[in-house]
2 protein chains.
Amino acid sequence: MMSNSKLYKGSLTTIILKLLNEKDKMYGYEITQKVKELTKGELQITEGALYPALHKLEAEGLLDVEVAKVDNRLRKYYMLTEDGAKETVSKLTELESYIKTMQALVSPKFSLE
Amino acid sequence: MMSNSKLYKGSLTTIILKLLNEKDKMYGYEITQKVKELTKGELQITEGALYPALHKLEAEGLLDVEVAKVDNRLRKYYMLTEDGAKETVSKLTELESYIKTMQALVSPKFSLE
DNA sequence: TATATATGCATAAGAAAATTATGTATATAT
DNA sequence: ATATATACATAATTTTCTTATGCATATATA
């Protein structure tokens with residue numbers, strides 16, 4: 001995670017889960033490139049943040065891993081488990097809620113009801 | 001800061017600055033109540049997060065402080081400095097950018113250009 | 001009258017999630 | 001030959017929060 005904003009703290013898990021929800025399996029480096037592409041370079045996921053996050057999600061049983069060798073280089077493909085798919089929905093709901101809450105705080109026109 | 005979500009990390013400074021941009025001076029406890037009201041209880045700022053954050057903003061020269069005694073109880077009123085007003089604009093721009101970026105990541109229809 | 005709740009501040013210990021710096025290794029372009 | 005891209009990993013440190021605790025006064029309630 002690297003950007004000029006501190007707001008992304010806490011968002012990495014949500015991002016990983018969402019990407020894996022759209023593409024059934026991805027490897028670490030691929031995730032960093034996809035995020036860079038989707039955000040036009042605005043958000044660069046650092047390896048020091050990404051790999052520990054992937055390991056944690058795997059340890060929690062939200063991701064399964066599958067090792068492959070491509071062009072003589074190692075790749076670790078990650079995919080959502082059933083629990084991971086549920087957690088993705090939950091995280092996306094949280095994100096939506098967060099955005100609404102922040103809009104209510106900073107722009108009165110978005111008041112909550 | 002206390003809620004069902006972990007996404008609020010990094011948002012507290014933005015919230016404080018924005019509230020002080022709308023009301024020229026506020027004290028800590030008042031900020032916690034205002035946030036609770038605006039978010040319908042969704043977001044509860046804890047004292048352990050708020051007071052250190054206020055002290056840090058003061059140390060950075062973004063806030064000025066003014067002590068008052070009301071009903072025999074102490075209040076520390078905080079207000080934006082000139083730098084604080086500039087930083088508020090910057091933080092709100094960051095928040096807007098964060099929301100757009102996250103929407104681009106989680107909902108393809110909000111792609112960045 | 002005792003006691004809980006609200007108001008108002010503060011800090012310390014610990015956890016979570018990043019940043020920054022390293023390290024290893026292969027493939028490809030200059 | 002050398003830099004850049006691909007691909008993984010971890011360790012030290014920093015930031016920001018949670019949880020717990022402490023002090024003190026005012027007010028509502030049992």
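Quick caveat: nothing in here was measured; it's all calculated off a predicted structure. Order of the sequence lines fixes the chain letters, A, B, ..., with proteins taken first and strands second; residue numbering starts at 1 for each chain.
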Student: Strictly by modelled atom types, are B:Thr32 and B:Gln44 linked by a side-chain donor-acceptor pair under 3.5 Å?
Tutor: no
Student: 5'-most contact on DNA chain C: A:Asp71 or A:Gly10, nearest heavy atom basis?
Tutor: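 Mapping each residue to its closest nucleotide by heavy atoms, the 5'-most match is A:Gly10.
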Student: Using a 6.0 Å cut-off, check whether atom CD of A:Glu37 has over 12 heavy atoms from anything other than its own residue.
Tutor: yes
Student: Calculate the interatomic distance between A:Lys69 atom NZ and C:dT26 atom P; express it in whole Å.
Tutor: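 After rounding, the reported distance stands at 9 Å.
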Student: Apply side-chain hydrogen bond (donor to acceptor under 3.5 Å, both in side chains) to B:Glu42 and A:Ser97, showing your working.
Tutor: CA-CA 9 Å; B:Glu42 157 96 10; A:Ser97 167; 3.0 Å; yes
Student: Does the Lys NZ or Arg CZ of B:Lys25 fall within the cation-pi geometry relative to B:Tyr77 - under 6.0 Å from the ring centre and within 45° of the axis?
Tutor: yes
Student: Got a sec? Which of residues 83-99 of chain B come in under 4.0 Å of DNA chain C, heavy atoms?
Tutor: none
Student: For C:dA10, give its Watson-Crick or G-U wobble partner with both distances under 3.5 Å, or none.
Tutor: D:dT21
Student: Considering only D:dC17, D:dC8, C:dA27, which nucleotide approaches the side chain of A:Tyr51 most closely?
Tutor: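 Within the option list, the nearest is D:dC8.
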Student: Checking contacts here: which listed nucleotide (D:dA26, C:dA10, D:dT10) is nearest the side-chain heavy atoms of A:Pro52?
Tutor: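 The answer is D:dT10.
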Student: Is the closest basic N to carboxylate O distance between A:Glu30 and A:Lys23 below 4.0 Å?
Tutor: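 Answer for the salt bridge query: yes.
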Student: Expressed in angstrom and rounded to an integer, what is the separation of B:Lys36 atom NZ from C:dG8 atom C1'?
Tutor: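 B:Lys36 atom NZ is separated from C:dG8 atom C1' by 14 Å.
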Student: Would you mind telling me which residue lines up with the more 5' stretch of DNA chain C, B:Lys9 or B:Leu54, judged by nearest nucleotide?
Tutor: B:Leu54
Student: Write down the distance between OH (B:Tyr8) and C1' (C:dA17), rounded to a whole number of angstrom.
Tutor: 18 Å
Student: Determine: side-chain N/O of A:Tyr27 to OP1/OP2 of D:dA7, distance under 4.0 Å, yes or no.
Tutor: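 Affirmative; the distance criterion is met.
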Student: Would you mind classifying the nucleic acid contact of B:Gly28 as base, sugar-phosphate or nothing, using non-hydrogen atoms under 4.0 angstrom?
Tutor: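 Since only primed, P, OP1 and OP2 atoms lie under 4.0 Å of B:Gly28, the category is sugar-phosphate.
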Student: Look up atom CD1 in B:Ile15 and atom CD1 in B:Ile31, then write down how far apart they are to the nearest 0.5 Å.
Tutor: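 If I round to the nearest 0.5 Å, the distance is 10.5 Å.
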Student: In this structure, how many angstroms lie between the C1' atom of C:dG8 and the CD atom of B:Gln33, rounded?
Tutor: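 After rounding, the reported distance stands at 11 Å.
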Student: Using whole Å, report how far CD of A:Glu66 lies from P of D:dC8.
Tutor: 13 Å
Student: Assign B:Lys56 to base, sugar-phosphate, or nothing according to its heavy-atom contacts below 4.0 angstrom with the strands shown.
Tutor: sugar-phosphate
Student: For the residue pair B:Tyr27 and B:Tyr78, is the inter-centroid distance of their aromatic rings smaller than 6.0 Å?
Tutor: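 No: the rings miss the under 6.0 Å criterion.
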Student: Please tell me which of the listed nucleotides, D:dT25, C:dC9, D:dC8, lies nearest to the side chain of B:Arg75?
Tutor: C:dC9
Student: Check this one for me: any side-chain N or O of B:His55 less than 4.0 Å away from OP1 or OP2 of C:dT11?
Tutor: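 Checking B:His55 against C:dT11: at least one side-chain N or O falls below 4.0 Å of OP1 or OP2.
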Student: Can you measure B:Glu30 atom CD to C:dA6 atom P for me and round it to whole angstrom units?
Tutor: 18 Å
Student: In whole angstrom, give the distance that lies between atom CD1 of A:Ile15 and atom C1' of C:dA17.
Tutor: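 The answer, rounded to whole Å, is 13 Å.
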Student: From CE of A:Met2 over to P of C:dA21, roughly how many Å is that when rounded to an integer?
Tutor: 11 Å
Student: Taking OP1 and OP2 of C:dA27, is either one under 4.0 Å from a side-chain nitrogen or oxygen of A:Asn72?
Tutor: yes
Student: Considering only side-chain heavy atoms of B:Arg73, which listed nucleotide, D:dT19, C:dA17, C:dG8, is closest?
Tutor: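 Given the options D:dT19, C:dA17, C:dG8, the side chain of B:Arg73 is closest to C:dG8.
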Student: DNA chain D: A:Glu47 or B:Ile45, which has the more 5' nearest nucleotide?
Tutor: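 Nearest-nucleotide comparison on DNA chain D picks A:Glu47.
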Student: Please name the nucleotide paired to C:dT24 by Watson-Crick or G-U wobble geometry with both distances under 3.5 Å, or report none.
Tutor: D:dA7
Student: Looking only at side-chain N and O atoms, does B:Tyr98 offer a donor or acceptor that is under 3.5 Å from a partner on A:Ser11?
Tutor: yes
